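To keep things clear, I will list the structure first and then write my remarks on it.
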Amino acid sequence: MNRRTLITTSLGASLAIILGTHAGAQEMDEQTQASFDTVMAFMGAMGSGDMETMSSLMADDMVWHNEGDESLPWIGETRGKENIFEFLGIFSENLQTTKWENTDAFASGDTVAMFGVMNAVTTRSGKETGDFSFALRAKVRDGQVVLWHWFEDSFAVSQAYHG
């Protein structure tokens, strides 16, 4: 299965939900609104499997960092656009997201924070994680995402992954 199919299969249905959960502040300055819109567009592209748009919204020096249990193959830091696409393939091979609900989103200047609840099934064990919380801190520069700092309940995910 190629990278596009893996990413689309894993992230497509679940992250597309994000577009229906567009949260925003009542009034944002121009930079804050642009940052918020960029992050939401990035999530939407990821969710729909639109790698071309996703790539255009990524800075060449983007950093994707997942906090959590380092025994999981997608935890840690990945730098650079091509490496991030490889990482997404690894993620997609190991975790199938079955639920994604954004509950809160905030933006200030170049920074966007999002919080929500997820559920997933690990392909290694076939076990469901159960609902778990996530948080995201993203940074935007010149209309592109430069930082994607992901926090999740890696205990729940690790328990499911390791069976």
Side-chain angles (χ1 to χ4, degrees), residues 4 6-59 62-69 72 74-78 84-85 87-92 94-123 128-141 143-161:
R4 178 175 299 227
L6 283 171
I7 293 170
T8 301
T9 301
S10 175
L11 301 174
S14 57
L15 293 181
I17 295 168
I18 292 165
L19 295 176
T21 320
H22 189 84
Q26 287 189 348
E27 290 186 38
M28 291 187 198
D29 64 51
E30 191 174 315
Q31 180 188 18
T32 299
Q33 185 67 57
S35 296
F36 187 84
D37 292 345
T38 298
V39 169
M40 294 306 289
F42 183 79
M43 286 182 150
M46 189 172 15
S48 68
D50 183 350
M51 298 300 111
E52 187 175 319
T53 298
M54 193 174 158
S55 181
S56 73
L57 292 169
M58 297 168 72
M62 180 179 168
V63 174
W64 188 305
H65 188 90
N66 285 6
E67 296 288 342
D69 179 357
L72 302 173
W74 60 87
I75 299 299
E77 186 169 286
T78 305
I84 290 170
F85 279 118
F87 152 79
L88 289 172
I90 292 167
F91 174 82
S92 297
N94 286 281
L95 194 70
Q96 302 297 310
T97 305
T98 58
K99 176 181 181 179
W100 180 297
E101 293 178 7
N102 292 338
T103 57
D104 296 290
F106 307 92
S108 179
D110 67 349
T111 304
V112 177
M114 192 163 301
F115 307 89
V117 177
M118 290 180 64
N119 197 324
V121 174
T122 68
T123 57
E128 184 178 331
T129 62
D131 285 2
F132 63 91
S133 300
F134 73 83
L136 165 70
R137 179 176 63 108
K139 289 208 171 267
V140 175
R141 179 184 68 225
Q144 293 182 310
V145 178
V146 294
L147 175 66
W148 196 263
H149 196 169
W150 186 259
F151 304 86
E152 66 187 19
D153 181 351
S154 70
F155 181 73
V157 177
S158 181
Q159 290 294 320
Y161 180 81

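Because the structure is a prediction, the values reported are computed rather than measured.
Note that CE of Met54 is 4.5 Å distant from CG of Leu88, once rounded to the nearest 0.5 Å. In this structure, the separation between CD on Glu67 and NE2 on His65 is 3.5 Å, given to the nearest 0.5 Å. Between the CZ atom in Phe134 and the CD atom in Glu152 there is a gap of 10.5 Å [rounded to 0.5 Å]. To the nearest 0.5 Å, the span separating CG on Leu57 from CE on Met40 amounts to 12.5 Å. Taken from CG in Asp153 to CE in Met118, the straight-line distance is 11.5 Å, to the nearest 0.5 Å. Note that CG of Asn94 is 5.5 Å distant from CH2 of Trp74, once rounded to the nearest 0.5 Å.
Within the 3.5 Å criterion, the main-chain N or O of Phe115 finds a donor-acceptor partner in the side chain of Thr103. When atom types are taken as modelled, the side chain of Thr98 and the backbone of Asn119 share a donor-acceptor pair closer than 3.5 angstrom. Side chain of Thr38 to main chain of Ala34: a donor-acceptor pair is present (N/O by atom type, distance under 3.5 Å, no hydrogens or angles). Counting only distance, with no hydrogens or angles, the side chain of Ser56 and the backbone of Thr53 share a donor-acceptor pair below 3.5 Å. In this structure, Gln96 contributes its side chain and Ser92 its backbone to a donor-acceptor pair below 3.5 Å.
Of all heavy-atom pairs between Val157 and Thr122, the closest is O-CG2, 4.3 Å. Scanning both residues, Val112 and Ala107, for their nearest heavy atoms gives CG2-CB, 4.1 Å. Closest approach of Ile75 to Asp69, counting heavy atoms only: CG1-O, 3.1 Å. Scanning all heavy atoms of the two residues, the minimum distance from Gln144 to Met58 falls at NE2-O, 3.2 Å. Of all heavy-atom pairs between Ser35 and Gly109, the closest is OG-O, 2.7 Å.
Using cut-offs of 30° and 60° for the angle between ring planes, the Phe42 and Trp64 rings count as tilted.
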(message) If you apply the rule side-chain contact (heavy atoms from CB on, under 4.5 Å), what do you find for Asp110 with Arg141, and how did you get there?
(response) CA-CA 7 Å; Asp110 67 349; Arg141 179 184 68 225; over 6 Å; no
(request) Check the pair Met62, Val146 against side-chain contact (heavy atoms from CB on, under 4.5 Å), reporting the backbone distance first and the verdict last. (result) CA-CA 4 Å; Met62 180 179 168; Val146 294; 5.5 Å; no
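Remark: Phe132 pairs with no residue by the ring pair (Phe, Tyr, Trp, His ring centres under 6.0 Å) rule, at least two apart or across chains.
Exactly one residue among Val39, Thr78, Val63, Ile84 makes a side-chain contact (heavy atoms from CB on, under 4.5 Å) with Trp148. That residue is Val39.
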